[in-house]
Amino acid sequence: MAKVSKTGKVTGVKAGNAKIIVFEAKKKAKKKKKIGTCSVLVKPQKSNTQKKTTAAPGTSAPAATAPGATVPAATAPVQTEPVQTPAATGPAAPAKPTIVPAYNTTTVDFDGSTSKVVESEITVPLAEAMLYGGICKISADFTQETGSEQELSVGYEGEYLNFTLNGAYIKDKSVDPMSDSTAFSCPSGETVHQEFSFEVPKYSYDFNLKLSGPAGVSFKVDNVTVEAMPFEDADYAYMVENSTRSTGNNARIKKAIEKARVGEDVTIAYLGGSITEGFAASETDNGDCYAEESYNQFKYNYGAGDGSNVHFINAGMSGTPSRLGIVRYERDVLAQMKHGQYPDILFIDFAVNDGGDCAEQYESIIRTALEQGSAVVLMFVLYNNGNGHEGDYKEIGDRYELAMVSPGKGMESAKKSAFDHWFYWSDGHPDVGGHRYMADCISRMFRAVDEEETKTDNNTVTKEPMYGKNFVGMKTLESSTDISKIDAVKSIEVGGFSVLKDSAQPTLQYIKNGVEKLPWFPDVWAHTSSSGSDSFKAEIKCNSILIAYKQAGSGFGKAECYVDGKYVGDLATSNGGWNNAMVFTALSEDTVKDHTLEIKMKEGDEKKPFTIYAIGYADSGQKAEYPD
């Protein structure tokens with residue numbers, strides 16, 4: 001236990017753990033803003049001399065009440081038994097804030113005390129205990145001494161997220177607020193213990209506990225405990241704990257954590273599909289997307305100072321399987337690097353979107369990133385139907401000794417129908433609650449790695465592939481690519497594919513390169529109804545070629561693909577297309593040599609539109625250099 005003076009001085013009272021809540025210093029404010037929580041360990045004294053210490057290693061302040069928000073760490077001095085350390089050479093680093101899980105159990109702290117005398121009513125922010133709705137169980141002791149029985153009440157209040165038609169939810173104060181409460185009788189002079197359970201609506205936020213009595217009546221409340229869970233009987237802590245399938249060879253992740261702590265630049269990139277892009281998460285700055293939320297947690301748990309030395313790349317795009325992911329990797333990950341050449345940590349999320357024929361491209365992304373020195377994490381997100389390739393891809397993860405995060409494994413203990421209700425949007429994508437759960441799972445993996453002994457980086461990329469390596473090191477070729485700077489691309493003749501923009505395509509949910517709603521493929525080769533019949537031709541020195549083209553509905557034509565004059569297949573669209581990208585394998589072989597790629601409209605379709613989004617090519621003989 002510990003006590004806090006009015007000046008903010010913290011004094012150890014009894015050995016054990018203590019939680020200290022810091023509020024904004026505004027004397028006249030009706031409702032003080034909570035800005036942080038500091039956990040401290042009070043050790044037994046070994047002598048009569050009182051000495052100074054700091055918060056126990058590994059303990060820190062939970063972050064702000066909204067996802068992605070941050071709070072300054074508490075800095076109040078603590079008087080307990082010291083930990084013996086070498087003499088400091090400079091000022092001690094402040095405690096780092098830690099973002100707490102979306103659901104947890106907490107004891108309400110009233111300015112450093114478990115007790116509070118309430119004048120008629122008090123509102124207590126509880127978003128640290130629960131985000132986005134769920135089951136909230138509250139227990140507390142109440143006492144009043146007015147001389148007569150009084151009716152008190154316990155309830156909650158907050159706001160809803162507002163649904164939008166694009167599959168996102170926004171924080172909108174104009175939506176009707178939510179509230180609920182339960183009244184009970186409290187005799188004068190007696191302590192009454194009360195327990196309540198509220199089912200807080202899904203998509204709530206700004207969740208607050210409200211304790212009320214009649215106007216002018218004072219009452220004392222003590223031992224207020226809040227137990228939050230997404231649905232009845234859900235052990236959220238266990239779900240998160242059980243989601244780490246493996247920490248793999250931890251050397252590169254631990255290196256990234258240590259770089260972040262000492263202030264070096266660290267970049268975390270996320271390559272995946274619609275879930276990684278942030279579909280069905282809150283659209284406000286895309287901050288509720290699992291990728292950005294987990295990045296924020298890493299940033300503030302391990303970054304130096306304000307965490308600005310930790311950088312983020314979202315390379316999610318809806319409808320992306322590994323075949324398209326490896327085409328986009330150079331453009332959407334490597335070309336976005338502002339600090340260094342390669343990401344320190346790369347998350348790969350294709351277990352849902354991949355078909356059975358994507359395994360070689362999936363493995364090739366892994367081998368490419370490992371060759372470049374990145375730590376690779378396999379993220380096994382899933383739809384509520386449970387389909388996906390986690391069962392196959394975890395074997396790849398084991399072979400390369402990769403960290404693997406499996407929210408599905410974590411939910412094995414949960415009732416599926418309840419989990420689906422609270423964590424998934426209507427079409428099966430994880431929604432705001434599901435994204436926060438996935439972010440908490442990632443943070444648990446980082447915490448586990450941080451607590452482990454460092455392993456030797458054994459350069460697992462030297463192992464023979466399970467499925468193949470013909471797509472390792474794939475580059476992105478678009479109409480904006482300056483081929484004069486690329487030795488592998490000898491020439492390009494656009495022919496009838498001379499229109500370099502196509503506005504009829506989806507846009508990114510997040511802001512990229514400072515542009516909001518950027519088209520997926522800004523620089524294309526498009527054939528129109530008046531383009532004619534001339535072929536698109538490219539001479540490339542490579543061993544593999546992938547073609548990403550627009551999958552549109554009726555009215556679009558078909559194209560034929562030739563390599564070195566030999567017909568290799570049709571590039572066909574279907575009525576089920578939604579302007580997403582389809583990927584065709586034009587070439588895949590072991591030997592690197594010069595090839596001629598030709599794409600031409602199929603006979604009879606010369607007056608129909610067709611769009612080449614991008615071309616991927618690889619030279620497996622060109623290996624990236626390892627960073628120092």
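In this chain, numbering begins with 1 at the start of the sequence shown.
- Separating the OG atom in Ser374 from the OH atom in Tyr342 is a distance of 8.5 Å, to the nearest 0.5 Å.
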Requested in this report: Kindly indicate, with the supporting measurements, whether the criterion side chain to side chain contact (heavy atoms under 4.5 Å, CB included) is fulfilled by Ile612 and His527.
Outcome: CA-CA 8 Å; Ile612 304 169; His527 180 279; over 6 Å; no
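- Taking the ring centroids of Tyr205 and Tyr132, they lie at or beyond the 6.0 Å cut-off.
- A tilted orientation is assigned to the rings of His429 and Phe279, their planes being inclined by 30° to 60°.
- For the pair Lys541 and His595, the minimum side-chain heavy-atom distance is 4.5 Å or more.
- For Asn250 and Glu452, the side-chain atoms include at least one donor-acceptor pair closer than 3.5 Å.
- With hydrogens and angles left out, the side-chain atoms of Glu401 and Asn458 include a donor and acceptor closer than 3.5 Å.
- Phe446 and Phe298 have their aromatic ring centers within a separation under 6.0 angstrom.
- Between Glu258 and Arg261 there is a salt bridge, since a side-chain N of the basic residue sits under 4.0 Å from a carboxylate O of the acidic one.
- Leu378 contributes atom CG, which lies 9.5 Å from atom CG of Asp398 (distance to the nearest 0.5 angstrom).
- Looking at Tyr613 and Leu324, their side chains never come closer than 4.5 Å, going by heavy atoms from C-beta outward.
- Defined by atom type and a distance below 3.5 Å, a donor-acceptor pair is missing between the side-chain atoms of Glu292 and Tyr510.
- When all heavy atoms of Asn353 and Thr320 are compared, the closest pair comes out as ND2-O, 3.0 Å.
- We find the CD-CZ distance between Glu478 and Arg328 to be 11.0 Å, quoted to the nearest 0.5 Å.
- Residues Tyr467 and Tyr362 keep their aromatic ring centres 6.0 Å or farther apart.
- A salt bridge links Lys602 to Glu560: one of the charged nitrogens lies within less than 4.0 Å of a carboxylate oxygen.
- Taking every heavy atom of both residues into account, Phe610 and Gly557 meet most closely at CD1-O, 3.3 Å.
- The shortest distance between side-chain heavy atoms of Ser529 and Lys608 does not fall below 4.5 Å.
- Looking only at distances, no side-chain donor or acceptor of Lys550 sits under 3.5 Å from a matching main-chain atom of Ala526.
- When all heavy atoms are compared, the tightest approach of Thr244 to Cys441 is OG1-O, 4.4 Å.
- Side-chain atoms of Asp523 and Ser479 include no donor-acceptor pair closer than 3.5 Å.
- When side chains are defined from C-beta on, Ile547 counts as touching Leu597, because their heavy atoms get closer than 4.5 Å.
- For the residue pair Ser318 and Glu277, a side-chain donor N or O sits within less than 3.5 Å of a side-chain acceptor on the partner.
- Thr528 and Ser531 form a side-chain donor-acceptor contact under 3.5 Å, judged by distance and modelled atom types alone.
- Residues Ile253 and Met445 form a side-chain contact, since some pair of their non-hydrogen atoms from C-beta on lies under 4.5 Å apart.
- A heavy-atom distance below 4.5 Å is not found between the side chains of Tyr270 and Pro343.
- Considering only heavy atoms from C-beta on, Lys558 stays 4.5 Å or farther from Met601 through its side chain.
- Between Asp440 and Arg444 there is no salt bridge, since no side-chain N of the basic residue sits under 4.0 Å from a carboxylate O of the acidic one.
- One finds the NZ atom of Lys490 at 11.5 Å from the OG1 atom of Thr596 (value rounded to the nearest 0.5 Å).
- Closest approach of Arg252 to Leu370, counting heavy atoms only: NH1-O, 3.0 Å.
- The distance from atom CD1 of Ile442 to atom CZ of Arg447, rounded to the nearest 0.5 Å, is 13.0 Å.
- In this structure, a donor-acceptor pair under 3.5 Å is absent between the side chains of Gln336 and His311.
- Remark: the Asp354 side chain and the Tyr393 side chain contain an N/O donor-acceptor pair separated by less than 3.5 Å.
- Between the CG atom of Asp344 and the CD atom of Glu264 there is a distance of 9.0 Å, given to the nearest 0.5 Å.
- Of all heavy-atom pairs between Asn470 and Ala618, the closest is O-CB, 3.9 Å.
- Using modelled atom types and a 3.5 Å distance limit, the side chains of Asp306 and Ser308 yield a donor-acceptor pair.
- Judged by distance alone, the side chains of Thr573 and Gln551 never bring a donor and an acceptor atom under 3.5 Å apart.
- When side chains are defined from C-beta on, Gln341 does not count as touching Gln372, because their heavy atoms never get closer than 4.5 Å.
- Tyr290 and Thr276 are linked by a side-chain donor-acceptor pair at a separation below 3.5 angstrom, with hydrogens and angles left out of the test.
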